[in-house]
Student: 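Quick one: the structure is below, questions incoming.
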Amino acid sequence: MPLKVYNSLTKTKEEFIPITPPYVGMYVCGPTVSGESHLGHARPYITFDVVYRYLMHLGYKVRYVRNITDAGHFEEEGREAIDKIADKAILEKLEPMELVQKYTNLFHWAFRKFNTLEPNIEPTATGHIIEQIGMIEKLIEAGYAYENNGSVYFDVKKYAENYDYGALSGRVIEDLLETTRNLDGQEEKRDKADFALWKAAPPSHIMRWKSPWGEGFPGWHIECSAMATKYLGPYFDIHGGGMDLMFPHHESEIAQSTICNHTPPVKYWMHNNMITINGKKMGKSYNNVIKLTELFSGDHPALQQAFSPMTIRFFILQTHYRSTLDFSNDALIAAEKGLKRLMDGYENLKKLPLPTEDKSTTDADLDNFLQTKMNELEEFINDDFNTAKVLANLFEMVPTINSIKDGLIKSDAISSGTHHRLVEVFSIYIEQILGLINENETDDQFDGIMELLVEIRKDAKSKKDFATSDKIRKQLSALGVDMKDEKDGEISWNKR
RNA sequence: GGUUCCGUAGCCGAGUGGUUAGGCAAAGCUCUGCAAAAGCUUCUACAGCGGUUCGAAUCCGCUCGGAACCUCCA
């Protein structure tokens, strides 16, 4: 049952075969650290975290490279070429690198909370100016780029004569030449569709580097090409990013790398879909972003409450990564409750009594049901990372687990083999692959205090002193700890 | 305007030709000092119209509605 991934380049699901097994090179477009990350940013990094985790689970030796965009020129219609970092630095009255550090730290902080694994290499654009200049020189030498007034542009028309510019995004070059909007520096370009590789810096510009074409700063697309080539070679396995980056960013990356390295750069292109709010893509220019810090604190007019990082992770994984995902309070609240149900089920599973080795008590139908559900997990995750179906199957096993815990089903009704596999499979899928963790870990001191409170409450209950027992439960609940009376007279608790 | 995609029960969302997705919410029951949780049961949907087919949410056409990209963006 091979892993299949949907390749945006071929528009089909393809069997995943690494270029040089067991090694896998994966590049994911990282954040531009000119501001705080918002909910939309959580999608790609959580999606590709699962991809990374699963590939490692399969035994591949993955090199995961995710860049930090801390410099770069962006084109905007009707506006002068700007460097977003420099622009924001002036606004916040910070040294540009101070600003970059601030938001890089914030990004790392948020994604540690999401339990995403660190990439193996996290290169910065400013740390790779030399490599970018090197690539631009190669492009000029090859005749696919030209300099004008200290800026360098990629010659899209020329590229399109020999290669397919639009192979990834489905753009038709003729349309591009006609419909591309008027961007800054137009008069310097040979053609409207050409994109900047290097921009001459005006005197006021803070972030500037020496280059063969004078002082300036790099274009946006070249940074990813340069860093991906440097760390993953000219041809690597997976390139990931948001769908909104397909054009022009990834299309241009393909063009640049193809000329420089004489090979298309990527075997499998993977793109996650957008997170929307009220049906519209969440994005700065739409003025509808909810920052991650606001999500975690609940401090935003659109939020009814705070949502934990794991709730958001679960929310994202409940949907296939190639579908749009619409934000709403109701959907997040549902995710929060669903996650709790799953994690409670998992905790219950870990504490289940071991069944006997004797097979005579096994309920064959139930045992087969569980085995089938477990077998299907592999099928689903292999089907282009269908985490929604994986979660659905895990949920289908929860009632059985809870029933055994409550004594409604005898623990011996499942075979010991199934029991062992259940524990293993839940751990692998929930923790190792989906990266879901219990956010409310407690320490020994806390546990000790709770033990004492449980004892006192048990005591009160046995004396039918319900006033005391209710008071303990009520006040603990207000403090975020729920106490439950179990069927066997025991008292369990759990921290929210 | 061009290109592409989507429209699934109260809500969120899998599913792409024939069999109960799943989560949340709601109702009933069981359990229970109360509560919560849990278990069982119920609610069985595929925008509209037409076509292909023994059979369509799934394929095709049209209509309506929405989105993404064609600046920046995850």
Side-chain angles (χ1 to χ4, degrees), chain A residues 11 28-32 37-48 69 74-79 82 84 166 169-172 174-176 178-184 193 220 240-249 251 271-276 279-286 289 314-315 318-320 322-342 344-345 348 376 380 383 386-396 398-403 405-409 461 464 466 469-470 473-474 477 482-487 492 494:
Chain A
K11 274 100 190 145
V28 174
C29 286
T32 301
S37 299
H38 59 73
L39 177 60
H41 296 123
R43 189 105 191 249
Y45 308 129
I46 288 172
T47 297
F48 290 103
T69 300
F74 300 90
E75 299 181 288
E76 264 182 275
E77 190 182 18
R79 287 180 60 178
I82 55 154
K84 284 200 169 176
S169 62
R171 285 295 114 87
V172 181
E174 287 76 20
D175 293 347
L176 282 175
E178 282 168 26
T179 63
T180 303
R181 299 181 196 191
N182 281 321
L183 300 167
D184 175 66
W220 176 36
M243 273 183 184
D244 52 350
L245 299 182
M246 264 171 124
F247 190 90
H249 188 53
E251 194 72 62
H271 291 94
N272 63 275
N273 214 318
M274 300 293 103
I275 287 184
T276 58
K280 285 266 191 297
K281 173 183 165 182
M282 189 176 283
K284 233 184 207 168
S285 30
Y286 300 88
V289 302
F314 177 82
F315 172 66
Q318 253 191 323
T319 307
H320 189 91
R322 284 189 288 113
S323 303
T324 53
L325 170 57
D326 198 46
F327 162 87
S328 70
N329 280 282
D330 286 350
L332 257 318
I333 290 166
E336 183 179 85
K337 291 185 180 170
L339 174 64
K340 183 177 185 323
R341 179 171 161 77
L342 180 68
D344 284 353
N348 290 339
E376 284 171 349
F380 295 154
D383 183 15
N386 197 330
T387 55
K389 287 191 92 171
V390 166
L391 283 169
N393 262 41
L394 291 172
F395 272 111
E396 286 193 76
V398 166
T400 304
I401 293 166
N402 289 340
S403 293
K405 182 217 165 212
D406 286 346
L408 300 168
I409 296 176
K461 276 186 67 178
K464 302 233 186 278
F466 296 123
S469 73
D470 287 355
R473 187 173 63 195
K474 200 176 159 200
S477 174
D482 295 317
M483 264 192 176
K484 281 197 296 194
D485 296 337
E486 300 291 343
K487 290 207 159 78
S492 69
N494 107 355

Student: With a non-hydrogen cut-off below 4.0 angstrom, is A/D244 in contact with a base, only sugar-phosphate, or nothing?
Tutor: base

Student: Please measure how far the C1' atom in B/C60 lies from the corresponding atom in B/U53, and state the result in whole Å.
Tutor: 12 Å

Student: So if I take every side-chain heavy atom of A/P44 and compare against B/C69, B/G33, B/A74, which nucleotide ends up nearest?
Tutor: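 Side chain of A/P44 sits closest to B/A74.
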
Student: Once hydrogens and angles are ignored, does a donor-acceptor distance under 3.5 Å link the base of B/C69 to the side chain of A/R171?
Tutor: yes

Student: Respond yes when some side-chain nitrogen or oxygen of A/R322 is under 4.0 Å from OP1 or OP2 of B/A68, and no when none is.
Tutor: no

Student: Specify the separation, in whole Å, of atom CG of A/L408 and atom P of B/C40.
Tutor: 8 Å

Student: Using a heavy-atom cut-off of under 4.0 Å over every strand shown, decide if A/F395 touches base, sugar-phosphate, or nothing.
Tutor: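 Sugar-phosphate, backbone atoms only, no base.
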
Student: If you look at every strand shown and take non-hydrogen atoms under 4.0 Å, does A/E396 touch a base, only sugar-phosphate, or nothing?
Tutor: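 A/E396: backbone/sugar contact only, no base atoms under 4.0 Å.
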
Student: Respond yes when some side-chain nitrogen or oxygen of A/S328 is under 4.0 Å from OP1 or OP2 of B/C11, and no when none is.
Tutor: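 No, because none of the side-chain N or O atoms of A/S328 sits under 4.0 Å from OP1 or OP2 of B/C11.
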
Student: Within the 4.0 Å heavy-atom criterion, would you say A/M282 contacts the bases, only the backbone, or no part of the nucleic acid?
Tutor: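 The residue A/M282 makes base contact.
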
Student: Respond yes when some side-chain nitrogen or oxygen of A/R341 is under 4.0 Å from OP1 or OP2 of B/A38, and no when none is.
Tutor: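 Result: yes.
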
Student: I need the CZ-P distance between A/F327 and B/A74, as an integer number of Å.
Tutor: 19 Å

Student: Below the 4.0 Å mark, does B/G39 have OP1 or OP2 next to a side-chain nitrogen or oxygen of A/N402?
Tutor: yes

Student: Can you tell me how far C1' in B/C40 sits from the matching atom in B/A14, rounded to whole Å?
Tutor: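 B/C40 and B/A14 have their C1' atoms separated by 25 Å.
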
Student: Classify the side chain of A/R43 and the base of B/A74 as holding, or not holding, a donor-acceptor pair under 3.5 Å.
Tutor: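 Donor-acceptor pair under 3.5 Å: no.
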
Student: Please report the distance, rounded to the nearest Å, between CD1 in A/I409 and C1' in B/C40.
Tutor: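 Spelled out: CD1 on A/I409 to C1' on B/C40 is 11 Å.
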
Student: Quick one: which of B/G33, B/C40, B/G15 gets closest to the side chain of A/K389?
Tutor: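 From the listed options, B/G15 comes nearest.
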
Student: Quick one: does A/N386 reach the base of B/G15 with a side-chain donor-acceptor pair under 3.5 Å?
Tutor: no

Student: Among B/A14, B/G23, B/G33, which is the nearest nucleotide to the side chain of A/A334?
Tutor: B/G23

Student: Roughly how far apart, to the nearest Å, are B/G50 and B/U4 at atom P?
Tutor: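 These two P atoms come out 28 Å apart once rounded.
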
Student: Checking all strands, does A/M274 fall into the base, sugar-phosphate, or nothing category for heavy-atom contacts under 4.0 angstrom?
Tutor: base

Student: What does A/K284 touch in the nucleic acid at a heavy-atom separation under 4.0 angstrom: a base, only the sugar-phosphate, or nothing?
Tutor: nothing

Student: Base, sugar-phosphate or nothing for A/T319? Non-hydrogen atoms, less than 4.0 Å.
Tutor: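 Counting heavy atoms under 4.0 Å across all strands, the contact made by A/T319 is with sugar-phosphate only.
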
Student: Is A/H271 touching bases, backbone alone, or none of the nucleic acid, heavy atoms closer than 4.0 Å?
Tutor: nothing

Student: Look up atom OH in A/Y286 and atom NZ in A/K280, then write down how far apart they are to the nearest 0.5 Å.
Tutor: 8.0 Å

Student: By nearest atom, which of the nucleotides B/C24, B/G33, B/G39 is closest to the A/F466 side chain?
Tutor: B/G33

Student: Are any of A/K281's side-chain N or O atoms less than 4.0 Å away from OP1 or OP2 of B/C69?
Tutor: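 Yes, such a contact exists.
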
Student: Checking all strands, does A/A392 fall into the base, sugar-phosphate, or nothing category for heavy-atom contacts under 4.0 angstrom?
Tutor: base

Student: Is there a side-chain contact between A/W220 and the phosphate of B/U71, meaning an N or O under 4.0 Å from OP1 or OP2?
Tutor: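 Answer is no, no contact under 4.0 Å.
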
Student: Once you apply a heavy-atom cut-off of 4.0 Å, does A/I275 come out as touching a base, just sugar-phosphate, or nothing?
Tutor: base

Student: Taking any heavy-atom pair under 4.0 Å as a contact, classify A/G283: base, sugar-phosphate, or nothing.
Tutor: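 Here A/G283 touches no strand at all.
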
Student: Report which part of the nucleic acid A/Y45 touches: base, sugar-phosphate, or nothing (heavy-atom distance under 4.0 Å, all strands).
Tutor: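 Sugar-phosphate contact only - A/Y45 comes under 4.0 Å of backbone atoms but never of a base.
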
Student: Take atom C1' in B/A25 and the same atom in B/A67, then report the distance between them in whole Å.
Tutor: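 27 Å, rounded to whole Å.
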
Student: Under 4.0 Å, counting only non-hydrogen atoms across every strand here, what does A/Y286 touch: a base, just sugar-phosphate, or nothing?
Tutor: sugar-phosphate

Student: Give me the distance, rounded to whole Å, that separates B/A37 from B/U30 when you measure between the C1' atoms they each carry.
Tutor: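 My reading of the C1' atoms in B/A37 and B/U30 gives 14 Å.
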
Student: Go through A/S323 and A/N273 one step at a time and tell me if the side-chain hydrogen bond (donor to acceptor under 3.5 Å, both in side chains) criterion holds.
Tutor: CA-CA 6 Å; A/S323 303; A/N273 214 318; over 6 Å; no

Student: Using a 4.0 Å heavy-atom cut-off across all strands, classify A/H41 as base, sugar-phosphate, or nothing.
Tutor: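 Counting heavy atoms under 4.0 Å across all strands, the contact made by A/H41 includes a base.
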
Student: To the nearest Å, give me how far apart NZ (A/K484) and P (B/C31) are.
Tutor: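 So the two atoms are 19 Å apart, to the nearest Å.
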
Student: Do A/D485 and B/C34 share a donor-acceptor pair, side chain to base, under 3.5 Å?
Tutor: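 For A/D485, whose side chain was compared with the base of B/C34, there is a donor-acceptor pair (under 3.5 Å).
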
Student: Let's test your reading of the pairing rules: Watson-Crick or G-U wobble, both distances under 3.5 Å, then write RNA chain B as a dot-bracket string with ( ), [ ], | and dots.
Tutor: (((((((..(((.....[...))).(((((.......)))))....(((((..]....))))))))))))....

Student: Heavy-atom count around A/K11 NZ within 6.0 Å, excluding the residue itself: above 12?
Tutor: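 Yes, NZ of A/K11 has more than 12 neighbouring heavy atoms, counting only those of other groups under 6.0 Å.
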
Student: Provide, to the nearest angstrom, the distance between the CG atom belonging to A/L332 and the C1' atom belonging to B/C12.
Tutor: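 Computing the A/L332:CG to B/C12:C1' distance gives 10 Å.
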
Student: Round to the nearest Å and state the distance from A/D330 atom CG to B/C24 atom P.
Tutor: 14 Å

Student: Using only side-chain N and O atoms of A/S323, determine if any of them is under 4.0 Å from OP1 or OP2 of B/A14.
Tutor: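 For B/A14, OP1/OP2 do have a side-chain N/O of A/S323 under 4.0 Å.
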
